Amino acid sequence: MNGKLIVFEGVEGCGKTTQISRSRDWLLTSGIQESLGDFGNQTPVIVTREPGGTSLGSALRQLLLEGQALQIEDRAELLLYAADRAQHVEEFIKPLLEQGAIVLCDRYTDSTIAYQGYGRGLELKLIEQLNQIATGGLEGDLTIWLDVDVEIGLHRARVRGKADRMEQAELSFHQRVQAGFSELASLYPERIVRIDASQNEEAVQLEIREILCQRFG
């Protein structure tokens, strides 16, 4: 692949949406995209998300996050996320990377391990196999983990408005998810970089820029 896949991860309310948007704007004006992509200063910087990065994904997102009245079994939930990812990678991410684009993705494989593995308690080996099938082996070039205390993050998320299906889960679930992200960061330090997301938005963004310059500048 000629492009770069940069993933943003973290618990609810960690600030992914804000930081992805700010990172995109900075990448488009900083000149660093000349070394990241294949188009020089015209390299496209594309923002996407999981679930929901394709038409199929948008429909699955409604079921998984907005279908609050639905009782979705844990294994069914896992398979729906895998289906979203398989479509997303083949239809959207891979073609862009082959063209040399920079793709900023809101959640990827680590979220499935953290939420469905550590959070739901599903078998980690099974999740790894499904991730491999869904991605065709495509890994992110860098994962930025926005680490914030679960209770702070949930408060931020709920202040935004009506909580989605995942945000409504009990506190202990989110604590297990957080533990999952922490474990993944310790297992893959070469790929996952932790940032203290309890800082203000500007401080977090400055750290992200520094990491991008160190890795790709």
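Owing to the predicted nature of the structure, the values given are computational and were not obtained by experimental measurement.
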Test Thr143 against every option in Thr109, Leu184, Val7 by the side-chain contact (heavy atoms from CB on, under 4.5 Å) rule and name the one that passes. Val7
Distance-minimising heavy-atom pair for [X] and [Y]:
X: Tyr108; Y: Arg85; value: O-NH2, 2.8 Å
X: Trp145; Y: Ser182; value: CH2-CA, 3.6 Å
X: Ala197; Y: Cys14; value: CB-O, 3.5 Å
X: Leu27; Y: Leu212; value: CD2-CD1, 4.2 Å
X: Leu5; Y: Cys105; value: CD1-CB, 4.0 Å
X: Leu63; Y: Arg165; value: O-CD, 4.5 Å

Is the shortest heavy-atom distance from the side chain of [X] to the side chain of [Y] under 4.5 Å?
X: Asp149; Y: Ser198; answer: no
X: Phe8; Y: Ile144; answer: yes
X: Glu123; Y: Gln129; answer: no
X: Gln178; Y: Asp147; answer: yes
X: Glu202; Y: Arg22; answer: yes
X: Leu78; Y: Leu126; answer: yes
X: Ser21; Y: Val47; answer: no
X: Arg49; Y: Arg107; answer: no

Looking at Arg158, I want to see if its CZ is surrounded by more than 12 non-hydrogen atoms of other residues, nucleotides or ligands under 6.0 Å.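 Counting neighbours around CZ of Arg158, more than 12 heavy atoms of other residues, nucleotides or ligands fall under 6.0 Å, so yes.
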Do Arg120 and Phe173 meet the cation-pi criteria used here (NZ or CZ under 6.0 Å from the six-membered ring centre, within 45° of the axis)?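 Here Arg120 passes the 6.0 Å and 45° test against Phe173.
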Report yes or no: does [X] contribute a side-chain atom to a donor-acceptor pair with the main-chain N or O of [Y] at less than 3.5 Å?
X: Asp141; Y: Ile6; answer: no
X: Glu167; Y: Leu154; answer: no
X: Asp74; Y: Gln116; answer: no
X: Glu9; Y: Ser111; answer: yes
X: His88; Y: Ala134; answer: no

Hey, mind stepping through Ile195 and Ile211 against side chain to side chain contact (heavy atoms under 4.5 Å, CB included) and telling me if it holds? CA-CA 10 Å; Ile195 290 180; Ile211 290 165; 3.5 Å; yes
Glu90 side, atom CD; Lys94 side, atom NZ - distance, nearest 0.5 Å: 4.0 Å
Checking side-chain polar atoms at under 3.5 Å, does Glu210 have a donor or acceptor matched by the opposite partner on Gln214?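 Yes, a side-chain donor-acceptor pair sits under 3.5 Å.
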